[in-house]
Structure formats: structure tokens, C-alpha cells
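For reference, the structure is listed below as C-alpha cells.
Excluded from the calculations below are hydrogen atoms, water molecules and symmetry mates; all remaining heavy atoms, backbone and side chain alike, are included. Since we're looking at a predicted model, the values are computed, not measured. Chain A is the first sequence line, chain B the second, and so forth, proteins listed ahead of strands; every chain is numbered from 1.
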Number of protein chains: 4
Amino acid sequence: MARGVNKVILIGNLGGDPETRYMPNGNAVCNITLATSDSWKDRNTGQLQERTEWHRVVFFGKIAEIAGQYLRKGSKVYIEGRLQTREWEKDGIKRYTTEIVVDIGGQMQMLDGRGDGGGYDQQPQGGQQRPQQPAPQQQAQPVQQPDYQRAAPAAQIPPEPAPAQSYDNFDDDIPF
Amino acid sequence: MARGVNKVILIGNLGGDPETRYMPNGNAVCNITLATSDSWKDRNTGQLQERTEWHRVVFFGKIAEIAGQYLRKGSKVYIEGRLQTREWEKDGIKRYTTEIVVDIGGQMQMLDGRGDGGGYDQQPQGGQQRPQQPAPQQQAQPVQQPDYQRAAPAAQIPPEPAPAQSYDNFDDDIPF
Amino acid sequence: MARGVNKVILIGNLGGDPETRYMPNGNAVCNITLATSDSWKDRNTGQLQERTEWHRVVFFGKIAEIAGQYLRKGSKVYIEGRLQTREWEKDGIKRYTTEIVVDIGGQMQMLDGRGDGGGYDQQPQGGQQRPQQPAPQQQAQPVQQPDYQRAAPAAQIPPEPAPAQSYDNFDDDIPF
Amino acid sequence: MARGVNKVILIGNLGGDPETRYMPNGNAVCNITLATSDSWKDRNTGQLQERTEWHRVVFFGKIAEIAGQYLRKGSKVYIEGRLQTREWEKDGIKRYTTEIVVDIGGQMQMLDGRGDGGGYDQQPQGGQQRPQQPAPQQQAQPVQQPDYQRAAPAAQIPPEPAPAQSYDNFDDDIPF
DNA sequence: TTTT
DNA sequence: TTTT
């Protein structure tokens, strides 16, 4: 149940390799940082400005395993998740960090054509090793290039023809 | 698995009561039409123009049951689904209809404060009756105001403090 | 120009009245906090859990004026913006706050049927007064229930007929 | 103004080269077809199924010129637009076609790393020639790899640190 | 810390 | 008609 909508959609590049860890129950958690960039012309100087926004993304569960396996530093990726802010403390001072959580309700889509992470290598990424005991059923699953969050579509789905619209009789009062 | 993203987000009002039917296997299918409206000033005449777009939305599965149960003509609703075009034939002529499919990968959120459909009555909606034999487990589920597609969130969730940003030292070259 | 996508979509309720201020150049800035809620059943205890996520939303420009004018504590609203993290300092310690920025590239949509803020009163909201000198042209604009970000649509817009799909010949291997 | 939300987000590949035409007033219109694919395992046979959905996308205005210039058959692209259904007639029979309209309120983002269309060549695309008389100002604009719909961001935007969350004390009742 |  |  929910009262509200909390949705984040990002397309960006990884600032570093993903970091995957495992919880005591065997569930995976994978962290990445994602850069999205804007550039615009300064109104006064006319100079081209650029600004990069960095996002903290955390994957949970099966999607975390695949993120850790296929993404690499530099990978371009589509992310759909939700905003979540958590509290932490340093030197007795409370701080807050906002993350984009991607779990069963989210989506991840690699955008590097090759089907790899677009990164440096394809070795299973380092970091904390998966505990061997728990959650053996997840290891068994041969994870291919995934989707997540995609139900099987309905029965038929033919392409949709129709003549291109004629705009010849349009006047100035139209679509833009 | 998916190679691509196919997402539709709508907020609008139902043009009529939902129509729910059941497939041979007991699964529910619910159809609604949804109106979204735009208005704008004609560039030439300066007159206020209005245009309503009508969308065909089809729910599948458990979310179809809840849509049929809670939505009514006039209800305001948030919909998240995917585009799908299907072929059909009339008088030997092929036609195509594009619908917004909402199933396990989608979301529905009622936006009428009361928690009912915002519509005329609250009687279980008519139309085809659910077959009594199949899928009895779904009848057992006491469906409250639903969400769908929402995993249990992470552990803590504190409000987030921070002073409002000072914009006093801003010049003209900013956010807009 | 952009290299990436940075989009946030929220539907929630305001935790308090909006706070509007004006920058030296006359541009408005409006801050709100928005709550989105999730509830779910604890897997172990079966108890219903609830968690509220609080979001800091900041409007800029014309949309800030309308947000400040129409939204109130408790208002339900649809927001489309982008994530942005800014640095600030307290007691010599750097902190970071993530906000959802809504400006010309974003959207706001009130979801309280009445067309008012759904809140307590309809008085022009207090807080910092608008400076009288700059940007007088914006005061002149009679702001109705707004949209933003909506181009005039194309010429015609008929409702769309088509027979409902027959699912009678479906087997178990379908849409969900 | 709008009463409702009508948003489509697609990531897919072009089925053919874009077709650009110009309206009498000099405004560009560009049509593409976009494929999004799903694959899933048949529940009964266990076989991998695939289904491609084809979308008709129409760009208007400046974004149409850039789409026509940079996109090619096979290009991967992110699209944000709105649903619109238009009526047309053939043999005295009314038909309806649903398109995704991308104009000033939408967005386009090329996802082929190279910065070209990812397609076959980079020659200015054929089709109807732009009329030389009207809208000369648009020809003057040196269109680079665009964004659209992106306002200049706020003043500062530093990266956001914080220690990675410790999940060691988590039990089974968490994020997924 | 990414990318073009 | 695309892509992997």
C-alpha cells in the first residue's frame, strides 16, 4: 500500500566501479554513484557553463547482484527507483543522506550497446565476497542481461500502421 | 528481460465506470477510459482553447480487481503502465488500438481524498460476474486501498532538516 | 544541453505551509516539504508497518509564485522536478542537502479537487513580502490553476472507440 | 494550464531513418518509429519469448530539426513526450492513431555514445527539403547535440559524501 | 568520481 | 522496421 508516488528516473554514467556487499541473510546490496550533467549558456557572459550532479544509488536484492556484475566505472545506465533519506552520525553530529533506492519496485537498464558494462573489464567485480552459505538459490539463477520489473506482455501486438499526418492545412496556431 | 523502456504516467479522470471481466483462468481484466486535459491561449485570437485527450487503460490481474472495485466514473487516478498496440478487425478491415497496460509492473493510485472512488456510489461494480470456481485465493484477499509495486522500504526514515538556502548573493544568472 | 536524465516525480501532501521568498532580482523561490508514505506487512510479525518519506522541494520563478499562492499545509500535489544536492555549513562542518528543484523544466499539479490548496485558508500566504520594484510584470499576470510546461496540443482530439479485447481464448500464459 | 498529467517515457531503437517535413510556417515535423522489446520465459514451455512494441513518435519545432539531423535507423534514444490520438479517414472509414508527441514540453536524448545517430551515415537526412523562405532564424541556429527542456541549474552543486550504510544489523524484514 |  |  502507498499513499503517494515517489519515483526517480536517472540516466547517467558511473563515477566508479559498483561496490557490492551482502547482508547476513545473504541478500546483496550494491552502491554506485551516478553523474548526470547539464550545460547551458551564461546569460551575461554567453559562456558555456557545465554542472554535474552526483547521485547515490543503492540497489537491493537480485537487481543488486546484476548491477554489481555488469556495471563498471563509466557505464551508462538507466535507473528507476525511489528517494530515501537516512540518518547517520559522525562525531556526535547527525547527518542525512538522500539515496535513490532501486529494489523490486525499480528498474535498471544498461545503455552501453555492447552488453557489457561499457567499462574496463568483465571480471566479476571485487569487493566483499558473497557468503557461501546463505541464499544458495540466488547463486543458482543464471543471471543474463536483465530487466526486472517486466511482466510478460499481453497476447498479440502487431505494428501499427496509418498514413502520416498531413500538416499542409495547418496555420500558425498549432503544436508549439 | 527488456531492451528498452516503455513507461506511461497519467493523472486524469474516468470517463465512465470501470468494466471488469474475467478470463477463463480466473484472472481479472478491467478497462477504463481516462481523460487528461490541456488548455492554452490561441496565439492569434487570444482565446482560451481546451482539448481533452482520452486514454484507454486496461488493468490485468490483482490490480484489475481493485481498479474495478474502487474506481468510478469521475474518479481521479494516477496510473503507471506501458504502451501496447493490438490489432482487431471489423468488417474485414484491420484496425489498431493503443492502450496503456497496467499489470504487475505498473501502479495505480487513487487521488480522491475520501479513499473511495470519488464517484457516485460504492456498490460493487456490475458487469460480468466473477466466475466462482477459479482463483479462489484472490477472493480471500481483503483488498484495501492498494498500492502495488511497492517493496518494503529500508529501516529508518527521519525527516530531513537543513537551513533554507540563502539566495541573497545570487545575481541574474540563475535557475531560470 | 544535457548528457543524462535527472527526473523526479512525486505525489504527496505538504507538511506545512509553503515559504516564499524573493531574490534580489525579483524572482521567487518557494520551499515546501512533501510527504510520501509507504505501508507494508512485516514478514515476521505480520504487523502493518508504515513509513513516511519527507522530501524538500524548491520551486523557482513563476511556478514558485503559484506554489506559494495555491498550496497549503495538507495540500496534495503532483511534482515533477530534478534532484540537486547543495552544500552548506554549520559550526564549521560541511553538510549536504538534497532537494527536488522545480523550475521551467518541471511541473506542478494540484490534486485537491476544489481547485484551492486543499488547506486551511485561502489568504495570500505570509512570509517575506515580495519586493515592489522588480519584476512587476509578473504581478500583473492573473495566475489561474496552472500547468507549466505544456505546449499547445495538436489540432483535433476525438475520443477513441474500439471493441474491448476478447480474452476468452486466453490460456494461462498471459499478461501477468 | 492542464488538468492532469500525460507523460510517456521511452528508450528504444529507431526502425528506420527519421522523416522530416516542414509546415507552411516553416516549422519542422519529424516522424520516427521506435521499438521497445520485452522478453520473458513462457510459464508452460519454459521457452524464451520475445515481443517488440512499435511506437510512433512525432517531434515538433526545434526538437524536430535536431531529431531529423542526428537520429538514424538503429539509433538508441530516450524520449519524453505525451500521448495524443488523432483521427483520420480511409475509404470513408474513420480510424485512430495514437502517437507520442515530443515538443517544447518534451525531451530527447541520444544514447549512442559516439554522439552521432549510431546509424549508417551522417549526411543531412533526405526527405522533404526545408523551405528556404520562412523561419530563417532557425537555420541560423547552429544546433549542437541538444537537450531541450533544461533550465540553467542553481548556483552550487557539490558531490555528497557520507559513509556507506551498515546493513550488518539487518534481519530478514528489510528492503525487498 | 563519470561522460561528451 | 530496430536492437541484443
Atom [atom1] of [X] to atom [atom2] of [N]: distance rounded to whole Å?
X: A/Glu19; N: E/dT2; atom1: CD; atom2: C1'; answer: 15 Å
X: D/Leu34; N: F/dT1; atom1: CG; atom2: P; answer: 16 Å
X: A/Leu111; N: F/dT3; atom1: CG; atom2: P; answer: 16 Å
X: D/His55; N: F/dT2; atom1: NE2; atom2: P; answer: 15 Å
X: A/Lys76; N: E/dT3; atom1: NZ; atom2: C1'; answer: 7 Å
X: D/Leu10; N: F/dT3; atom1: CG; atom2: P; answer: 17 Å
X: C/Arg3; N: E/dT3; atom1: CZ; atom2: P; answer: 11 Å
X: D/Glu53; N: F/dT1; atom1: CD; atom2: C1'; answer: 14 Å

D/Trp54-F/dT2 aromatic stacking (under 5.5 Å, under 30°): no
Do D/His55 and D/Thr36 have side-chain N/O donor and acceptor atoms under 3.5 Å apart? yes
From CD1 (A/Ile100) to CZ (A/Arg82), nearest 0.5 Å: 12.0 Å
Over all atoms of both residues, closest heavy-atom pair of C/Ile9 and B/Ile9: CD1-CD1, 3.6 Å
Any donor-acceptor pair under 3.5 Å linking the side chain of A/Asp17 with the backbone of A/Lys73? yes
Out of F/dT2, E/dT1, F/dT3, which has the shortest distance to the side chain of A/Thr33? E/dT1
